[in-house]
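First, the structure itself, so that you have it in front of you.
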Amino acid sequence: MFLSVFDMFKVGIGPSSSHTMGPMVAAARFLQTLRGSPFHAHGLRASLHGSLAFTGVGHATDRATILGLAGFEPASYDPEKAEAALAAIHATNTIAPPGLGMLRFDPKTDMVFDYGPALPGHANGMILRATDAEGDVILEETYYSIGGGFVLTAAELARGEAAKGGTPVPHPFETAAQMLEMAKKSGLSIAQMKRENELVFRTKAEIDAGIARLWEVMNNCITRGMAGEGILPGGLKVRRRARGIHEALLAERGLNMTAPHTINDWMSLYAMAVNEENAAGGQVVTAPTNGAAGVLPATLRYYLDHVPGATPAKIGDFLLTAAAIGGLCKHNASISGAECGCQAEVGSAAAMAAAALCAVLGGTPEQVENAAEIALEHHLGMTCDPVKGLVQVPCIERNGLGAIKAVSAASLALRGDGIHLVSLDACIETMRQTGHDMHEKYKETSLGGLAVNVPNC
């Protein structure tokens, strides 16, 4: 099993990797299939199912799908061009994907939210169709957005494409136990093994440049979030708080009156800044998802800005270690809130961040695995119940607490020798089982929990 650091961490747009980025990616894939089809299309249609339907409006899933069908993709998204394209589509009831000419598309009738039973493959399902001049379907494909911006067709999901190993790599661990055994035999750290795996596909220079780019986007997101003001979109009237918290923390510096626990406010600040940007539809990096995008960069920023002896030279090891742990969570359970609740998103993110911080602070592979387990164990059972389907409440603050747990988990693991009772593999399997048993209303449908106990306006 190999999942690249550049698959785990992808530059995209908010507010959701599964409900915004995934549908846009699916639409781009459908256009590519249509371009290779012998049929001449005259129109397009889309239907959203399961969680994509129930929380699609709050996650801008319809908007993302329409823009995807118009040729937009997350990594190169231009907000000004997107707004212009949407206005034109709504005004003319036509859409013009590159290379396919002008096609019929009425957003009011051709973009359907199907609130019936979910599609059989996954909670996040969508069907895209192309029609001829008479309105008959000439091409149809079912896509599943399986979390973190990953998309599979129904056929790929049935074939188990998500679990396939692909090109052989030097250290092909599928479990944490295998990872530790390979580290012991090779004498390498988890980050070093991950880097050797990445070198099969990219040069050292390409890996270093890609990692630098990921951190640049993450860090810029923190900076923008700490400067942002106003009310977040969506109708909940949630006020952006990161700027105010940042200004208050800066004002307290040098007063010799700051309580030690104030460091938690800095961690929360960095995470909340990212997730406020995400909620506003800004550029973020999936880590491993948009809804959990603040945990890992907050932990890395904490390391760089607040830990004595911290060095930017460790950023690569941080992200490579985190990607290794994220790959285990995805491969053996899930990183999708619609599949396993928020334990799969913020829980996985905290495990990734804890492992990464432990690694750059000098932890052994056994301590790194222990840190990931501690962080994930104390997110088990966490539900995904966003109020009004928006990635705002409780998601923004939840990222802050996830970062705090990640740092605490890394610190605890470094106090030990790596020997512990519950293995990371057992914890990941528990997350999978818990997600399977969790009621659907607690898995990103906004039909239970806070979503029904907090007024939506």
Test item: Ser17 side-chain N/O and Thr289 main-chain N/O as donor-acceptor pair under 3.5 Å: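 The answer is no, because no donor-acceptor pair under 3.5 Å joins these two groups.
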
Chi angles and distances behind the side chain to side chain contact (heavy atoms under 4.5 Å, CB included) call for Val238, Ile231: CA-CA 6 Å; Val238 172; Ile231 304 297; 5.9 Å; no

Donor + acceptor pair across side chains of Ser47, His49 (<3.5 Å):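 On atom types as modelled, these side chains qualify, holding a pair under 3.5 Å.
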
Close aromatic pair by centroid cut-off 6.0 Å: Phe54 and Tyr115: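 That pair passes the under 6.0 Å test.
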
From CE (Met126) to CG (Asp62), nearest 0.5 Å: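 It is 10.5 Å, given to the nearest 0.5 Å.
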
Separation of Thr20 OG1 from Tyr77 OH (nearest 0.5 Å):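 Here the interatomic distance stands at 10.0 Å.
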
Closest heavy-atom pair and its distance - Ala322, Leu296: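 Heavy atoms of Ala322 and Leu296 come nearest at CB-CD1, 3.3 Å.
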
Side chain to side chain contact (heavy atoms under 4.5 Å, CB included) between Leu48 and Val112, worked out: CA-CA 6 Å; Leu48 306 175; Val112 176; over 6 Å; no

Pair listing, side chain to side chain donor-acceptor pair (under 3.5 Å) test, anchored in residues 84-93, at least two apart: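 Qualifying pairs: Thr92-Thr94.
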
Donor-acceptor contact below 3.5 Å, side chain Lys443 vs main chain Gly435: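 Confirmed, Lys443 side chain pairs with Gly435 backbone.
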
Stepwise side chain to side chain contact (heavy atoms under 4.5 Å, CB included) test for Arg398 and Met382: CA-CA 10 Å; Arg398 186 168 284 178; Met382 182 174 282; 3.4 Å; yes

Closest contact, heavy atoms only, Asp305 versus Arg301: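 Heavy atoms of Asp305 and Arg301 come nearest at OD2-NE, 2.7 Å.
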
Side chain to side chain donor-acceptor pair (under 3.5 Å): pairs with one or both residues in residues 374-383, sequence neighbours excluded: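 Not a single pair qualifies under side chain to side chain donor-acceptor pair (under 3.5 Å).
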
CG on Leu3 to CE on Met8, rounded to 0.5 Å: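 Answer for the CE-CG pair, Met8 versus Leu3, is 4.5 Å.
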
Working for salt bridge (Lys or Arg N to Asp or Glu O under 4.0 Å), residues Arg213 and Asp208: CA-CA 9 Å; Arg213 170 61 177 160; Asp208 290 342; over 6 Å; no

From OG (Ser18) to CD1 (Ile146), nearest 0.5 Å: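 It comes to 10.5 Å.
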
Gly402 versus Val346, closest heavy-atom pair with distance: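 The answer is CA-CG1, 4.2 Å.
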
pair Pro15-Asn290: side-chain heavy atoms closer than 4.5 Å: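 Side-chain contact under 4.5 Å: no.
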
Sidechain N-carboxylate O distance under 4.0 Å for Asp106, Arg45: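 No, this pair does not count.
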
Lys/Arg cation over aromatic Phe150: Lys330, 6.0 Å, 45° cone: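 That pair qualifies as a cation-pi contact.
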
Closest non-hydrogen atom pair, Ala409 against Ala371: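 Between these two residues, the closest heavy atoms are CB-O, 3.5 Å.
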
Pairwise side-chain contact, Thr167 with Val200, heavy-atom cut-off 4.5 Å (strictly under):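 Yes - at least one pair of side-chain heavy atoms lies under 4.5 Å apart.
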
Heavy atoms from other residues, nucleotides or ligands near CZ of Phe72 exceed 12 (cutoff 6.0 Å):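 More than 12 heavy atoms, drawn from other residues, nucleotides or ligands, come within 6.0 Å of this atom.
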
Glu444 and Ser51: side chain donor to acceptor below 3.5 Å: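 Checked: Glu444/Ser51 side chains show no N/O donor-acceptor pair below 3.5 Å.
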
Close side-chain approach of Ile95 to Leu44, heavy-atom, < 4.5 Å: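 Result yes, sub-4.5 Å side-chain heavy-atom pair found.
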
From CZ (Arg241) to CE (Met272), nearest 0.5 Å: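 Between atom CZ of Arg241 and atom CE of Met272 there are 3.5 Å.
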
Main-chain N/O of His171 paired to Asn197 side chain as donor or acceptor, under 3.5 Å: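 Answer holds: yes.
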
Ion pair check, Glu429 and Arg432, cut-off under 4.0 Å: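 Arg432 and Glu429: salt-bridged.
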
Cys221 and its side chain to side chain contact (heavy atoms under 4.5 Å, CB included) partner, picked from Val285, Val274, Asn278: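 Answer after filtering Val285, Val274, Asn278: Val274.
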
Donor-acceptor contact below 3.5 Å, side chain Lys10 vs main chain Gly148: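 Judged by distance alone, yes, a pair lies under 3.5 Å.
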
Thr153 backbone acceptor or donor facing Glu156 side chain under 3.5 Å: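 Confirmed, Glu156 side chain pairs with Thr153 backbone.
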
Validation row: Leu320, Ile211 side chains within 4.5 angstrom (heavy atoms):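 Yes, close enough: below the 4.5 Å cut-off.
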
Ion pair Arg224/Glu276, N-O distance below 4.0 Å: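 A salt bridge is absent here (no side-chain N lies under 4.0 Å from a carboxylate O).
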
Any side-chain heavy-atom pair of Gln283 and Val217 under 4.5 Å: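 SC-SC contact between Gln283 and Val217 confirmed.
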
Side chain to side chain, Ser446 and Asp385, heavy atoms closer than 4.5 Å: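 A side-chain contact is absent here, since even the closest heavy-atom pair is not under 4.5 Å.
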
Worked verdict on Tyr143 versus Ile127 for side chain to side chain contact (heavy atoms under 4.5 Å, CB included): CA-CA 6 Å; Tyr143 295 94; Ile127 301 174; over 6 Å; no

More than 12 heavy atoms of other groups within 6.0 Å of Arg239 CZ: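 At most 12 heavy atoms, drawn from other residues, nucleotides or ligands, come within 6.0 Å of this atom.
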
Salt-bridge criterion met for Glu198 and Lys204 (N-O under 4.0 Å):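 No, this pair does not count.
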
Heavy-atom pair with the smallest gap, counting every atom of Ile66 and Pro107: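 In terms of heavy atoms, the two residues are closest at CD1-CB, 4.2 Å.
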
Tyr144 (side chain) donor-acceptor with Gly121 (main chain) under 3.5 angstrom: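 Side chain of Tyr144 to backbone of Gly121, a donor-acceptor pair under 3.5 Å: yes, one is there.
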
Side-chain heavy-atom pair Met179, Ile190 within 4.5 angstrom cut-off: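 Yes, their side chains come closer than 4.5 Å.
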
Aromatic centroids of Phe201 and Phe2 separated by under 6.0 Å: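 Ring-ring flag for Phe2/Phe201: true, centres closer than 6.0 Å.
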
Under 3.5 Å side-chain donor-acceptor pair for His19 and Ser145: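 Distance-only check fails for His19 and Ser145.
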
Asn275 side chain to Gly294 backbone, donor-acceptor under 3.5 Å: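 Answer holds: yes.
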
Donor-acceptor pair between Arg29 and Gln32 side chains, under 3.5 angstrom: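 Per modelled atom types, Arg29 and Gln32 side chains form no pair under 3.5 Å.
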
Distance, nearest 0.5 Å, that separates CD1 of Ile374 from CD of Glu369: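 Rounded to the nearest 0.5 Å, the CD1-CD separation comes out at 9.5 Å.
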
Main-chain N/O of Ala212 paired to Glu216 side chain as donor or acceptor, under 3.5 Å: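 Between the backbone of Ala212 and the side chain of Glu216 there is no qualifying donor-acceptor contact (under 3.5 Å).
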
Donor-acceptor contact below 3.5 Å, side chain Thr61 vs main chain Val57: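 No; judged by distance alone, with no hydrogens or angles, the pair does not exist.
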
Heavy-atom side-chain proximity of Leu300 to Tyr270 below 4.5 angstrom: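 When only atoms from C-beta onward are counted, Tyr270 and Leu300 do not touch, as no gap falls below 4.5 Å.
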
For Arg240, the option from Met226, Glu277, Glu229 that meets side chain to side chain contact (heavy atoms under 4.5 Å, CB included):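 The residue from Met226, Glu277, Glu229 that satisfies side chain to side chain contact (heavy atoms under 4.5 Å, CB included) with Arg240 turns out to be Glu277.
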
Exam field: side chain Glu339 to backbone Ala333, donor-acceptor pair closer than 3.5 Å: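 Such a contact is absent between Glu339 side chain and Ala333 backbone.
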
Heavy-atom pair of closest approach, residues Met267 and Ala298: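 The answer is O-CB, 3.6 Å.
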
